Amino acid sequence: MIAAMRWIAVAALVFCSSAQGATVISPESGTSRPYQRWVNRARVPTPPIAVTVIGEPCPTGLGRSCTSPDGPIYIAPSELHPRHAFYHELGHKFDYTVMTDDGRAAFEALQGDARPWRSSPNSPHEQFAEGYSICAAQKVPHLPGYVAYGYWRGLREHRAVCRLIRAVQQDH
């Protein structure tokens, strides 16, 4: 009975998240609080999915945070900027679930980067997640080292990226 009630609760969360944005689920008691608060305060739409956040480094060993299309978001307890990392990974989730090929092409045009979406170095998909993070937090970087993956092109271009994210969500 308790297991069935848990599944009903999770199903309700998933249903509600599709209308309002991401819902954070955490297997660790109480750890979803800051993440759900950040989702609720995001200045751009969040993906309409349930997101699991695990407080561990990326299992691939490639960083302190990561995600995959069907996987959870991993964020290491040692992450120096957890909100930025969370929004960055949430940007990947937005890309996986909401972005269209036209949206990706529009982002690449704004960045002046016509390479394939996943190409090294500083792939457009990583630049998008970085832009999403800054739009979500509505914190314009003041330090050159704050923005990763070669994202920053200037304030006008950044505002256009935020508008693009909102437009893609409206069309979804």
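Model, not experiment: these values are computed from the prediction.
In this view, L164 and A106, F107, L110, V168 satisfy the side-chain contact (heavy atoms from CB on, under 4.5 Å) rule, not counting sequence neighbours. With sequence neighbours excluded, the residues satisfying side-chain hydrogen bond (donor to acceptor under 3.5 Å, both in side chains) with Q138 are R43. Residues that satisfy the side-chain hydrogen bond (donor to acceptor under 3.5 Å, both in side chains) test with R163, not counting sequence neighbours, are absent from this structure. Take Y151 and apply the side-chain hydrogen bond (donor to acceptor under 3.5 Å, both in side chains) test, not counting sequence neighbours, and it matches H158. F86 is linked by a ring-ring contact (aromatic ring centres under 6.0 Å, His included) to Y35, counting only residues two or more places apart in sequence or in another chain. Taking the side-chain hydrogen bond (donor to acceptor under 3.5 Å, both in side chains) definition, one finds that N122 meets it with nothing, sequence neighbours left out.
Rounded to the nearest 0.5 Å, atoms OH (Y87) and CD (E130) are 14.0 Å apart. Put simply, CD1 on I54 and CD1 on I25 are 11.5 Å apart, with the number rounded to the nearest 0.5 Å. The CH2 atom of W152 sits 10.0 Å away from atom CD of Q111, with the distance rounded to the nearest 0.5 Å. Considering NE2 of H125 and NE2 of H92, their distance stands at 4.5 Å, rounded to 0.5 Å. Residue K93 holds its NZ atom at 5.5 Å from CD1 of I49, rounded to the nearest 0.5 Å.
Using bins of under 30°, 30° to 60° and over 60° for the plane-to-plane angle, the ring pair F128/Y132 lands in the tilted bin.
Applying the side-chain hydrogen bond (donor to acceptor under 3.5 Å, both in side chains) test to residues at least two apart or on different chains, the pairs with a partner in residues 70-80 are R64-E79. Sequence neighbours left out, not one pair with a member in residues 80-129 passes disulfide (SG to SG under 2.5 Å). Identified under the disulfide (SG to SG under 2.5 Å) test for residues 78-137, with sequence neighbours left out: C135-C162. Among pairs with a residue in residues 103-120, those fulfilling salt bridge (Lys or Arg N to Asp or Glu O under 4.0 Å) read D95-R104, D101-R104, D113-R115, at least two apart in sequence or across chains. Screening residues 72-103 for disulfide (SG to SG under 2.5 Å) gives no qualifying pairs among residues at least two apart or on separate chains. Listed by first then second residue, pairs satisfying disulfide (SG to SG under 2.5 Å) with a partner in residues 46-128 read C58-C66, not counting sequence neighbours.
Smallest separation of non-hydrogen atoms from Q169 and T46: OE1-O, 4.3 Å. Closest heavy-atom contact between V24 and Q36: N-OE1, 2.6 Å. Shown here for T67 and P72, the closest heavy-atom pair between the two residues is OG1-O, 3.0 Å. Nearest heavy-atom pair across S119 and P124 is OG-CD, 3.8 Å.
Heavy-atom neighbours of R166 CZ from other residues, nucleotides or ligands within 6.0 Å: above the threshold of 12.
Cluster annotation: L80 is not connected to L62 through the hydrophobic network of ILVMFWY side chains, with a link wherever side-chain heavy atoms come within less than 4.5 Å. Y149 and V161 are assigned to two separate hydrophobic clusters, defined by single-linkage of ILVMFWY side chains at heavy-atom distances under 4.5 Å.
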For this session: Apply side-chain hydrogen bond (donor to acceptor under 3.5 Å, both in side chains) to the pair H88 and H84, showing each step before the final yes or no.
Result: CA-CA 6 Å; H88 178 97; H84 181 80; 5.1 Å; no
Problem set entry | Stepwise side chain to side chain contact (heavy atoms under 4.5 Å, CB included) test for T100 and D171 | CA-CA 10 Å; T100 62; D171 292 342; over 6 Å; no
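For the pair L90 and P47, the minimum side-chain heavy-atom distance is below 4.5 Å. Looking only at side-chain heavy atoms (C-beta outward), P82 and W38 come within less than 4.5 Å of each other.
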